[in-house]
Amino acid sequence: MQIRNVAIIAHVDHGKTTLVDQILRQCHVFRKGQEVAERVMDSNDLERERGITITSKNFSVTYKDTRINLIDTPGHADFGGEVERVLKMADGVLLLVDAFEGPMPQTRFVLQKAMQLNLKPVIVINKVDRKGARPDEVLDEIFNLFVELEASDEQLDFRGVYAAGRDGWAVTELENERKDLSPLLDMIINHVPAPVIQEGPLQMLVAAMDHSDYVGRIGVGRVVRGSLKVKQPVVLIKRDGSEVKTQARQVYVFDNLGKSEVQEVVCGDICAVVGLEGVDIGDTLADALHPEPLPIIAVDDPTLTMSFFPNDSPGYGQEGKYVTSRQVRDRLFRASERDVALRVEDTASADTFKVSGRGILHLSILMENMRREGFEFMVGQPQVIFKEIGGKKAEPVEVLTVDVPGDLAGTVIEYAATRKGEMVKMDQKDCRTHLEFRIPSRGLIGFRSKMLRATAGEIVMHHRFHQYEYFKGSIPERNTGSIISMHAGKAVAFALDGLQDRGTFFIGPGEHLYTGQIIGEYTKDDDLVVNAQKAKQLSNMRASGTDRKMRIAPPLKMSMEETLEYLNRDEYVEITPLSIRLRKSILDENERKKAAKRARLSDGLGG
């Protein structure tokens, strides 16, 4: 049987997972009458809720006596670490582009990685049945993108199809009959090269990890040289060069959505190996008599770092199962083993862990998974990772693309300028304006939530890492203060009603508060400590006109990413399985004042 290894790459929401559903259906992966959920590859709850792919997954289909190993990759630049490692398993890429939107920043990011690995591209212009679709223009844009990315002549001579993934058809020319996806599958077989067969002792690069409660860690990768047999003695060559002698107890190849056990895996095939003690992503599985390592997977450095702490708020341990610093530490280090783009470090304090990642979304997905598993913890303000280049301080700069109604473009340009954003491109399409900026990563923290409010939710924005550049100067921090609870106890409607003109509240009447909890955003730039438990004075006198009519505005509920972007330096987000609360790092008001006074004195001495 012939083999083809293909990675599917696309921008978020261009229909990649829906197309995969149709490929699985048309290759008869499902039984007749079997009920199948939509977007079957988005197996994780978070992936289904957000409609994005977060972790890459392997599956295979059989078409015309060829096994096509397909690798579903995330479309968001924050999960670039996933993409970089799984592309190592492929010989070709299926590039999916929306027929209306054209190539987007994330498409460019992943395609660049594929070009560097010299993978053969097959283009799918998807959603050609969409209103406003412009397939011919998009094809030209894709060609220009290939030229910009300095593609080789061979890569520029790409093949492609027009498709509607949801309806399950693809055609090589728009006027052809729209029947099924066989033109696309034929193109994969004819234009993606078969894996190169290298004779010699075994070499396999572990590019992904799986886990089973019964057999422990499972290493997933592609056999680059030789073949792998069951019970074969092998050597695991770690990233640091150390060697561990072990044995491949069971070997599986991907078969439809599952795995099937085999006795031998030939060169070029992708497989899962059980029995490798302590296997990690980036390790090489080599022949016991000829242990030769493969090049380590190169991953871009993280650009954002945050501090994680065990929860020490007054209500700790009431909502979560795992609350100690040891449990939080173990969980973070486990996450870093599976995600090569995530770095976890111990600090001088035994209770503080420094976690670095690709962006706010990358880190917030980790936090969301932890809270769903029953963890309670706190995190501090996200900080950008600076570097030194040529003796000067340098910071990460991102490419930000914005799509906004024409009359709101000025608002976005003005705000981006205050965040040290430099506009490099501006296009008009119908009544919408397409803008492109080079903006420091620091300037992007809080940008999305601010602009969503300013444009009444009309803005569409994407960003990806560009490069490190010299420090751009200071960026104004949040210019509003926090409203802080003075006492512990339930919030009273009477008190909140009287404080409404001071700012926006994050909590509603009846919610249990503690001293030092942030319950709202103050309109001025300093903090305001309030008594949210103050009840109405009761007397036996009734007089008409003295009762005020209470009209309390609904509280502002922020998502995980929005709370992280909202934080100031002296604030934490408390994350539990049931709640996300904001609080001051020092809960007691008098202690906060003393700490602020000490900081001012040390700044004065330092100055």
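Computed from a predicted structure; not experimentally measured.
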Participant: Evaluate the criterion side-chain contact (heavy atoms from CB on, under 4.5 Å) for residue pair Asp346 and Phe353; output intermediate values, then yes/no.
Facilitator: CA-CA 5 Å; Asp346 288 314; Phe353 314 108; 3.5 Å; yes
Participant: Does the Arg331 side chain pair with the main chain of Met370, one donor and one acceptor, at a distance under 3.5 Å?
Facilitator: no
Participant: May I ask you to check whether Ser364 and Glu561 show a side-chain donor-acceptor distance below 3.5 Å?
Facilitator: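 Yes, side-chain donor-acceptor contact under 3.5 Å.
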Participant: For the atom pair CG (Leu408) and CD (Glu458), what is the distance rounded to the nearest 0.5 Å?
Facilitator: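 Reported value, rounded in 0.5 Å steps: 7.0 Å.
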Participant: Quick one, Leu342 and Arg358 - any side-chain contact, counting heavy atoms below 4.5 Å?
Facilitator: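 Leu342 vs Arg358: side chains apart.
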Participant: Just by distance, with hydrogens left out, do Glu398 and Ser441 show a side-chain donor and acceptor under 3.5 Å apart?
Facilitator: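 Checked: Glu398/Ser441 side chains pair up, N/O donor to acceptor below 3.5 Å.
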Participant: Can you pull the side chain to side chain donor-acceptor pair (under 3.5 Å) pairs that have at least one residue in residues 405-421, sequence neighbours excluded?
Facilitator: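 Applying side chain to side chain donor-acceptor pair (under 3.5 Å) to every pair that reaches into residues 405-421, excluding sequence neighbours, yields nothing.
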Participant: If you apply the rule salt bridge (charged side-chain N to carboxylate O under 4.0 Å, His left out), what do you find for Lys594 with Glu591, and how did you get there?
Facilitator: CA-CA 5 Å; Lys594 286 178 191 170; Glu591 291 298 324; 3.8 Å; yes
Participant: Gln203 versus Leu285: any side-chain heavy-atom pair under 4.5 Å?
Facilitator: no
Participant: How long is the span from the CD atom in Glu150 to the CD atom in Gln116, to the nearest 0.5 Å?
Facilitator: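 The CD atom of Glu150 sits 10.5 Å away from the CD atom of Gln116.
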Participant: To the nearest 0.5 Å, tell me how far Glu562 CD sits from Leu452 CG.
Facilitator: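 One gets 7.0 Å once the value is rounded to the nearest 0.5 Å.
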Participant: Verify side-chain contact (heavy atoms from CB on, under 4.5 Å) between Glu521 and Ile483, making sure each step is shown before the conclusion.
Facilitator: CA-CA 6 Å; Glu521 183 176 18; Ile483 302 175; over 6 Å; no
Participant: If every non-hydrogen atom of Leu294 is compared with every non-hydrogen atom of Met204, which pair is closest and at what distance?
Facilitator: CD1-C, 3.8 Å
Participant: Over all heavy atoms of both residues, which pair between Ile586 and Ala595 is shortest? Give the atoms and the distance, please.
Facilitator: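 What the structure gives for the nearest pair is CD1-CB, 3.6 Å.
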Participant: Can you confirm whether the side chains of Asp351 and Ser325 place a donor and an acceptor under 3.5 Å from each other?
Facilitator: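 Asp351 vs Ser325: donor-acceptor pair found between side chains.
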Participant: Before you tell me yes or no, could you show the steps for Glu589 and Lys593 under salt bridge (charged side-chain N to carboxylate O under 4.0 Å, His left out), namely the whole-Å CA-CA distance, both residues' side-chain angles and the distance that decides it to 0.1 Å?
Facilitator: CA-CA 6 Å; Glu589 188 188 356; Lys593 285 178 179 170; 3.5 Å; yes
Participant: Would you check if Gln383 and Leu304 make a side-chain contact, meaning some heavy-atom pair closer than 4.5 Å?
Facilitator: no
Participant: Taking the side chain as every heavy atom from C-beta outward, state whether Val97 and Val124 have any pair of such atoms under 4.5 Å apart.
Facilitator: no
Participant: Is it true that Lys584 and Asp527 make a salt bridge, defined as a side-chain N closer than 4.0 Å to a carboxylate O?
Facilitator: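 Yes, this pair counts.
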Participant: Keeping the roles fixed (side chain from Gln381, backbone from Leu567), state whether a donor-acceptor pair exists under 3.5 Å.
Facilitator: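 Between the backbone of Leu567 and the side chain of Gln381 there is a qualifying donor-acceptor contact (under 3.5 Å).
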Participant: Can you tell which of Lys387, Arg438, Arg442 makes a salt bridge (charged side-chain N to carboxylate O under 4.0 Å, His left out) with Glu395?
Facilitator: Arg442
Participant: Might you confirm whether atom NZ of Lys238 has over 12 heavy atoms from other residues, nucleotides or ligands at distances under 6.0 Å?
Facilitator: yes
Participant: Could you report the tightest heavy-atom contact between Pro382 and Ile360, atom names first, then the distance?
Facilitator: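 Result for this residue pair: CG-CD1, 3.7 Å.
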Participant: Shortest non-hydrogen contact from Thr480 to Thr523?
Facilitator: CG2-O, 4.2 Å
Participant: Could you give the distance from CG (Leu564) to CG (Leu582), rounded to the nearest 0.5 Å?
Facilitator: 9.0 Å
Participant: Quick one: are Met558 and Phe506 in side-chain contact, heavy atoms under 4.5 Å?
Facilitator: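 Yes, at least one pair of side-chain atoms sits under 4.5 Å.
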Participant: Test salt bridge (charged side-chain N to carboxylate O under 4.0 Å, His left out) on Arg326 and Asp330 and set out the steps.
Facilitator: CA-CA 6 Å; Arg326 182 182 57 79; Asp330 289 351; 3.7 Å; yes
Participant: Kindly indicate whether the side chain of Ile237, heavy atoms from C-beta on, has any atom under 4.5 Å from the side chain of Asp283.
Facilitator: no
Participant: I would like to know whether Leu111 and Leu149 meet side-chain contact (heavy atoms from CB on, under 4.5 Å); could you show each step before the answer?
Facilitator: CA-CA 9 Å; Leu111 184 62; Leu149 294 176; 3.8 Å; yes
Participant: Picking from Leu95, Leu96, Asp98, Leu139, what satisfies side-chain contact (heavy atoms from CB on, under 4.5 Å) with Ile125?
Facilitator: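 The passing option is Leu139.
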Participant: For the ring pair Phe377 and Tyr572, is the centre-to-centre distance below 6.0 Å?
Facilitator: no
Participant: Kindly give the heavy-atom pair with the smallest separation between Ile123 and Phe158, and that separation in Å.
Facilitator: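 Taking Ile123 first and Phe158 second, the nearest heavy atoms are CG1-CD1, 3.4 Å.
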Participant: side-chain hydrogen bond (donor to acceptor under 3.5 Å, both in side chains) between Thr433 and Gln428: does it pass, once the steps are laid out?
Facilitator: CA-CA 5 Å; Thr433 303; Gln428 292 288 141; 2.9 Å; yes
Participant: Out of curiosity, Met367 CE to Leu332 CG, how far, rounded to the nearest 0.5 Å?
Facilitator: 9.5 Å
Participant: Check whether Ser585 reaches the backbone of Asp570 with its side chain - one donor and one acceptor, N or O, closer than 3.5 Å.
Facilitator: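 Looks like yes, one N/O pair under 3.5 Å.
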Participant: Could you tell me if Glu571 and Ser482 have a donor-acceptor pair between their side chains, going purely by distance under 3.5 Å?
Facilitator: yes
Participant: Please check if atom CD in Glu373 has more than 12 non-hydrogen atoms from other residues, nucleotides or ligands closer than 6.0 Å.
Facilitator: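 Atom CD in Glu373 is crowded, with more than 12 foreign heavy atoms closer than 6.0 Å.
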Participant: Do the side chain of Ser307 and the main chain of Gly380 share a donor and acceptor less than 3.5 angstrom apart?
Facilitator: no
Participant: So how far is it from Leu94 CG to Leu70 CG, rounded to the nearest 0.5 Å?
Facilitator: 7.5 Å
Participant: With the side chain counted from C-beta on, respond yes when Val355 and Thr305 share a heavy-atom pair under 4.5 Å apart, and no when they do not.
Facilitator: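 Side chain of Val355 against side chain of Thr305, heavy atoms only: no contact under 4.5 Å found.
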Participant: Are Thr401 and Glu436 close enough that a side-chain donor and a side-chain acceptor fall under 3.5 Å?
Facilitator: no
Participant: Applying salt bridge (charged side-chain N to carboxylate O under 4.0 Å, His left out) to Glu376 and Arg371, what does each step give before you reach the verdict?
Facilitator: CA-CA 7 Å; Glu376 269 190 28; Arg371 71 185 283 239; over 6 Å; no
Participant: Counting heavy atoms not belonging to Lys450, are there more than 12 under 6.0 Å from its NZ?
Facilitator: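 Result for NZ/Lys450: open.
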Participant: Taking all non-hydrogen atoms of both residues into account, name the closest pair between Ser356 and Leu363 and its distance.
Facilitator: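 For Ser356 versus Leu363, the nearest heavy atoms are C-CD2, 4.3 Å.
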Participant: Determine whether Arg581 and Ile518 satisfy the following criterion, side-chain contact (heavy atoms from CB on, under 4.5 Å), listing intermediate values before the conclusion.
Facilitator: CA-CA 8 Å; Arg581 302 185 189 95; Ile518 296 169; over 6 Å; no
Participant: So, do Val379 and Phe308 sit near enough that their side-chain heavy atoms are less than 4.5 Å apart?
Facilitator: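 Yes. Closest side-chain heavy atoms under 4.5 Å.
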Participant: Under 3.5 Å, is there a donor-acceptor pair between the side chain of Ser579 and the main chain of Thr576?
Facilitator: no
Participant: Are any side-chain N or O atoms of Thr455 and backbone N or O atoms of Met451, one a donor and one an acceptor, separated by less than 3.5 Å?
Facilitator: yes
Participant: Establish, from distance only, whether the side-chain atoms of Ser313 and Arg583 form a donor-acceptor pair under 3.5 Å.
Facilitator: yes
Participant: Any idea how Phe386 and Phe471 line up, ring-wise: parallel (<30°), tilted (30 to 60°), or perpendicular (>60°)?
Facilitator: perpendicular
